[in-house]
Amino acid sequence: MPRPRSESARQAVLEAMRGALSSSGYEAVTIEGLAEAAGVSKQTIYRWWPSKAAILGEALLEGSLPEVGLPMTDDLGADLRALFTLQGDDTVALARALISVTATDPEVGAVLDERLAAPLREWTKARLARAADAGEVRPDVDAAVVADQLIAIGSYNTLLGKPLDRAKADALSDLILRGIAASRA
């Protein structure tokens, strides 16, 4: 992607994207609105980025990411259900855009994956270690594999364009728990 001649204008566009996300969500973001907020033309933006998803990817790479409160209670099933229902309608569009960026720019996608998935991977590792210590989960369960499955479930539903409903979150939580549960001999 060609780099803007003016670093300050580039930063203004990225900041406009972050501001628009915070105030109105990804669906409401337009190139026209970003151009106006950044004080540049639409043509300038299109010369620097092929899409608003590409701007989003770069804005997230260079800026701080929103904090997501991952559940950590004494009930692994409840924590999984809460995790599955964290993604609401307003975040589906954002997640779909991130998948689009990842699919069209593998380099940016790899960095975004690491930044965005790392907290979930760390949460899964800590949460499963806690459950193993409590005798709820087999000690040989590979937290990285479970984390990848949790990410895959979220990504699939994002591609469908809808968050998980409560019944599906319950069913998936039960399925995962059965698969990783310590044997009850």
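Note that the coordinates shown come from a computational prediction; the quantities given were computed from them, not determined experimentally. Basis for what follows: all heavy atoms, side chains included, without hydrogens, waters or symmetry-related copies.
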query: To the nearest 0.5 Å, how far apart are CG in Leu150 and CH2 in Trp123?
result: 6.5 Å

- prompt: When rounded to the nearest 0.5 angstrom, what distance separates CD1 in Ile151 from OG1 in Thr158?
  reply: 11.5 Å

- prompt: Taking it one step at a time, do Val108 and Thr102 satisfy side-chain contact (heavy atoms from CB on, under 4.5 Å)?
  reply: CA-CA 6 Å; Val108 171; Thr102 301; over 6 Å; no

- prompt: Is a donor on one side and an acceptor on the other found under 3.5 Å between the side chain of Arg47 and the backbone of Lys42?
  reply: no

message: Tell me if the CD atom of Glu36 is crowded by more than 12 foreign heavy atoms within 6.0 Å.
response: no

Side chain to side chain donor-acceptor pair (under 3.5 Å) assessment of Gln11 paired with Glu15: CA-CA 6 Å; Gln11 288 300 322; Glu15 188 56 41; over 6 Å; no

field: Ala16 versus Ala37, closest heavy-atom pair with distance
entry: CB-CB, 3.8 Å

task: Output yes when Glu58 and Arg10 qualify as a salt bridge under the 4.0 Å nitrogen-oxygen rule, no when they do not.
output: yes

Kindly list each side-chain donor-acceptor pair under 3.5 angstrom involving residues 167-174, sequence neighbours excluded, with atom names and distances?
unit_1, atom_1, unit_2, atom_2, d
Ser173, OG, Arg81, N, 3.2
Ser173, OG, Ala169, O, 2.8

message: Does any part of the side chain of Ile180, heavy atoms only, come nearer than 4.5 Å to the side chain of Val146, both counted from C-beta?
response: yes

- prompt: Ala9 and Val40: which non-hydrogen atoms are nearest, and at how many Å?
  reply: CB-CG1, 3.9 Å

- prompt: Shortest non-hydrogen contact from Met72 to Ala126?
  reply: CE-CB, 4.1 Å

message: My understanding is that only one of Asp75, Asp79, Asp74 makes a salt bridge (Lys or Arg N to Asp or Glu O under 4.0 Å) with Arg130; could you say which?
response: Asp74

- line: Shortest non-hydrogen pair, Leu177 vs Gly77, comes out as CD1-CA, 3.5 Å

- prompt: Can you hop from Met17 to Leu61 via hydrophobic side chains spaced under 4.5 Å?
  reply: yes

- line: Output for pair (Arg127 CZ, Leu120 CG), nearest 0.5 Å, gives 13.5 Å

message: Looking only at the side chains, is there a donor atom on one of Thr44 and Ser41 sitting less than 3.5 Å from an acceptor on the other?
response: yes

message: Contact between Ile31 and Ile55 at the side-chain level, heavy atoms closer than 4.5 Å - yes or no?
response: yes

task: Could you go through the side-chain contact (heavy atoms from CB on, under 4.5 Å) check for Leu164 and Ile153 one step at a time?
output: CA-CA 9 Å; Leu164 283 171; Ile153 290 167; 4.0 Å; yes

query: Are Val145 and Leu76 grouped together when hydrophobic residues (ILVMFWY) are joined by side-chain heavy atoms under 4.5 angstrom apart?
result: no

query: Leu56, Tyr46: one ILVMFWY side-chain cluster at the under-4.5 Å cut-off?
result: yes

query: Do Leu112 and Leu159 share a hydrophobic cluster, counting only Ile, Leu, Val, Met, Phe, Trp and Tyr and linking them when any side-chain heavy atoms are less than 4.5 Å apart?
result: no

- request: With the side chain counted from C-beta on, respond yes when Val13 and Trp49 share a heavy-atom pair under 4.5 Å apart, and no when they do not.
  value: yes

message: In this structure, would Ile99 and Val29 fall into the same cluster of hydrophobic residues linked by side-chain contacts under 4.5 Å?
response: no

- request: Drop me the distance from Arg18's CZ to Glu62's CD, to the nearest 0.5 angstrom.
  value: 7.0 Å

message: Taking Arg121 first and then Asp113, would you say they form a salt bridge - that is, a charged N and a carboxylate O separated by under 4.0 Å?
response: yes

